[in-house]
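Everything numeric in this text was worked out from a predicted model, so none of it was measured. Worth knowing before you read on, the calculation uses all heavy atoms, side chains too, and leaves out hydrogens, waters and symmetry mates.
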Amino acid sequence: SLVNLIPRFYDVTEGAVLVQWIADQVPDRKLAPPNGTLARVRLQEWLHFIATELHKGLGPLFAATANEEFKQTVRDRLVGRFAILDQGVGAKKFLLGDDFSVADGYAYYTLRSARKWAPAAVTPSLEAYAGRISERASVRAALELINQVLDETISGTDSDFDHDTRWAVTWFEDCGM
């Protein structure tokens with residue numbers, strides 16, 4: 001299973017790179033277009049945008065030292081960034097067309113965070129897009145597994161965690177399934 005393959009690539013730190021590698025391990029699932037094609041370049045373009053403009057763009061909202069005025073400026077900027085995602089999906093089922101890709105999975109992750117931290121950025125059409133993604137059996141199964149592992153990991157040990165781990169646990173409790 002892929003779960004057994006991922007630990008071998010622990011030193012791969014960029015999610016947008018790792019999800020492409022995962023997709024390439026199961027080409028029959030069509031989670032990414034073939035390497036060397038313009039369609040693959042479009043996927044990489046979306047992964048880069050999601051990583052740098054959406055995922056990274058949400059980061060300042062979690063800064064303990066950021067005041068509310070600054071956070072509102074960040075939220076306002078995110079409205080424009082998520083509007084680009086909204087336009088990119090357009091009337092299509094998914095970012096690249098009719099087929100789900102790893103870019104949709106990454107976009108879904110950022111949309112789940114934005115619902116809580118920058119709700120004005122999540123338009124009704126992006127909610128519909130996220131709904132199509134969440135209807136996928138593989139997405140539901142992944143979220144259930146994440147929550148199961150999280151529950152098993154933090155049960156009774158929360159006080160043993162450092163500041164960053166406690167923050168991550170709180171985030172999963174707030175934004176998890």
Side-chain angles (χ1 to χ4, degrees), residues 2-3 6 14-35 37-62 71-150 168 170-177:
L2 287 177
V3 172
I6 293 171
E14 297 302 317
V17 174
L18 184 58
V19 296
Q20 289 179 80
W21 177 84
I22 291 170
D24 290 340
Q25 302 313 297
V26 287
D28 55 308
R29 300 288 306 271
K30 298 181 180 176
L31 296 172
N35 276 310
T37 64
L38 183 57
R40 183 61 170 251
V41 171
R42 294 292 179 223
L43 171 84
Q44 293 168 336
E45 182 177 41
W46 275 115
L47 288 169
H48 185 79
F49 175 80
I50 294 164
T52 60
E53 300 297 330
L54 304 182
H55 190 181
K56 182 88 171 168
L58 286 159
L61 296 175
F62 307 118
K71 288 181 180 182
Q72 188 55 51
T73 300
V74 171
R75 287 185 197 100
D76 293 343
R77 180 179 170 95
L78 285 167
V79 168
R81 297 301 188 249
F82 276 95
I84 294 169
L85 176 67
D86 199 358
Q87 292 167 357
V89 175
K92 301 184 302 276
K93 187 173 180 180
F94 298 109
L95 273 170
L96 301 181
D98 290 334
D99 295 323
F100 175 86
S101 73
V102 291
D104 297 299
Y106 197 5
Y108 180 68
Y109 168 79
T110 63
L111 283 165
R112 287 173 57 89
S113 296
R115 282 177 180 152
K116 178 168 178 65
W117 302 104
V122 184
T123 62
S125 53
L126 285 176
E127 280 291 355
Y129 167 61
R132 290 190 295 278
I133 296 169
S134 66
E135 290 171 358
R136 297 177 54 81
S138 59
V139 171
R140 287 193 313 273
L143 290 172
E144 287 174 19
L145 181 60
I146 289 166
N147 287 321
Q148 175 188 343
V149 169
L150 182 62
T170 301
W171 183 91
F172 275 109
E173 289 172 345
D174 290 346
C175 300
M177 213 157 138

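Considering CD of Glu53 and OG1 of Thr110, their distance stands at 11.5 Å, rounded to 0.5 Å. Considering CD1 of Ile133 and CZ of Phe100, their distance stands at 6.0 Å, rounded to 0.5 Å. The structure places CD of Glu14 at 10.5 Å from NE2 of His48, a figure rounded to the nearest 0.5 Å. Between Asp76 atom CG and Lys71 atom NZ the span is 14.5 Å, to the nearest 0.5 Å. Interatomic distance, OG of Ser113 versus OH of Tyr108, reported as 11.0 Å (0.5 Å rounding).
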### Query
Going through the distances and angles, do Leu61 and Leu78 end up as a side-chain contact (heavy atoms from CB on, under 4.5 Å)?
CA-CA 11 Å; Leu61 296 175; Leu78 285 167; 3.9 Å; yes
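Considering only heavy atoms from C-beta on, Leu47 comes within 4.5 Å of Gln20 through its side chain.
When all heavy atoms of Leu58 and Ala114 are compared, the pair lying nearest together is CD2-CA, 4.2 Å. The two residues Ala121 and Phe82 have their closest heavy-atom pair at O-CB, 3.3 Å. Across every non-hydrogen atom of Arg81 and Leu54, the tightest pair is CB-CD2, 3.7 Å. The shortest non-hydrogen separation linking Tyr106 to Ala51 is OH-CA, 3.4 Å. Closest heavy-atom contact between Ala118 and Arg75: CB-CG, 4.1 Å. Nearest heavy-atom pair, Pro119 versus Lys116, reported as atom, atom and distance to 0.1 Å: CD-O, 3.9 Å.
Remark: Glu45 engages Arg42 in a salt bridge, criterion side-chain N to carboxylate O under 4.0 Å. Electrostatic pairing of Asp24 and Arg40 counts as a salt bridge here, judged by a charged N lying under 4.0 Å from a carboxylate O.
The side chain to side chain contact (heavy atoms under 4.5 Å, CB included) with Val102 is formed by just one residue from the set Leu18, Ile22, Leu96, Leu43; it is Leu43.
Around CZ of Arg132, the count of heavy atoms belonging to other residues, nucleotides or ligands within 6.0 Å exceeds 12. Counting heavy-atom neighbours within 6.0 Å of Arg136 CZ, excluding the residue itself, gives a total above 12. Counting non-hydrogen atoms of other residues, nucleotides and ligands closer than 6.0 Å to NZ of Lys92 gives a total above 12.
Ring orientation note: the planes of Trp46 and Phe49 are nearly perpendicular, at an angle over 60° on the 30°/60° scale.
Remark: the Asp104 side chain and the Ser101 side chain contain an N/O donor-acceptor pair separated by less than 3.5 Å.
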